[in-house]
Amino acid sequence: MEMKELMDMKRLRDLLITVLGLWLMMSPRVLHFAGGHVDAVWNTWVLGAAIILITAVSRYLLDERNPWEDMACAALGLWLMVSPWVLGFAAHETERSNSVIVGCLVTVLALWATVVDANLRKWVDNWMHQHRLLR
């Protein structure tokens, strides 16, 4: 895979993660979260803002890809998946489903980045050449 293709995939992935962050910010209104579950609303807003901030800082302010962004987004995605049970809003299907589905998507996209990352691929290729596993 060429470097240009890798950069295009990273940009697309960053865009998708940012869109998921935006969705998290809007979803309590769009999905009409239960009024009594402020934990679900705040959790969704805060995590949406954090995801947007992380991708914006790494992609647009630093203009480079760092492993910390992927790990931070993956951690936030994992928190989204378990937060309905930890914060006690798992009984509400809409809030729970939104949190688990978006958390899954954010986690998969963030971890996919670590697998597709050019630096990681270069390191693996060098290691395989050093150990004569590749010609």
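Side-chain atoms are counted along with the backbone in the values below, which use heavy atoms only and exclude waters and symmetry mates.
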Using the rule that two of Ile, Leu, Val, Met, Phe, Trp, Tyr join whenever any of their side-chain heavy atoms come within less than 4.5 Å, decide whether Val19 and Ile52 are in one cluster. no
Within the 4.5 Å heavy-atom criterion, are Glu69 and Asp14 side-chain neighbours or not? yes
Test side-chain hydrogen bond (donor to acceptor under 3.5 Å, both in side chains) on Thr55 and Thr18; report intermediate values, then the result. CA-CA 7 Å; Thr55 55; Thr18 303; 3.1 Å; yes
Are Cys73 and Leu109 side-chain neighbours, meaning at least one heavy-atom pair lies under 4.5 Å? no
What donor-acceptor contacts under 3.5 angstrom involve side-chain atoms of residues 74-83, with partners at least two apart or in another chain?
unit_1: Trp79; atom_1: NE1; unit_2: Asn43; atom_2: OD1; d: 2.7
unit_1: Ser83; atom_1: OG; unit_2: Asn43; atom_2: ND2; d: 3.0
unit_1: Ser83; atom_1: OG; unit_2: Trp79; atom_2: O; d: 3.3
unit_1: Ser83; atom_1: OG; unit_2: Leu80; atom_2: O; d: 3.1
unit_1: Ser83; atom_1: OG; unit_2: Ser99; atom_2: OG; d: 3.3

Treating Ile, Leu, Val, Met, Phe, Trp and Tyr as nodes and any side-chain heavy-atom pair under 4.5 angstrom as an edge, say whether Leu22 and Leu20 lie in one connected cluster. no
Heavy-atom check, side chain of Asp70 versus side chain of Arg13, under 4.5 Å: yes
Please give me the minimum heavy-atom distance between Phe89 and Glu95, naming the atom from each residue. CD1-CB, 3.6 Å
Note, Val106 side chain near Ile51 side chain (heavy atom, < 4.5 Å): yes
Heavy-atom pair of closest approach, residues Trp45 and Leu24: CD1-O, 4.1 Å
Nearest heavy atoms of Ala49 and Met25, plus distance in Å: N-SD, 3.3 Å
Of Val100, Val102, Thr94, Ile101, which is the lone residue that meets side-chain contact (heavy atoms from CB on, under 4.5 Å) with Asn98? Val102
Quick one: do Leu47 and Val30 end up in the same hydrophobic cluster if we chain Ile, Leu, Val, Met, Phe, Trp and Tyr together by side-chain heavy atoms under 4.5 Å apart? yes
Does one hydrophobic cluster hold both Trp112 and Ile54, with members joined at side-chain heavy-atom distances below 4.5 Å? yes
With distance as the sole test, does Trp85 use its side chain to make a donor-acceptor pair with the main-chain N or O of Ala90 at under 3.5 Å? no
Indicate if Leu105 and Ile17 have the same hydrophobic cluster label, given that clusters are the connected sets of ILVMFWY residues with side-chain heavy-atom separations under 4.5 angstrom. yes
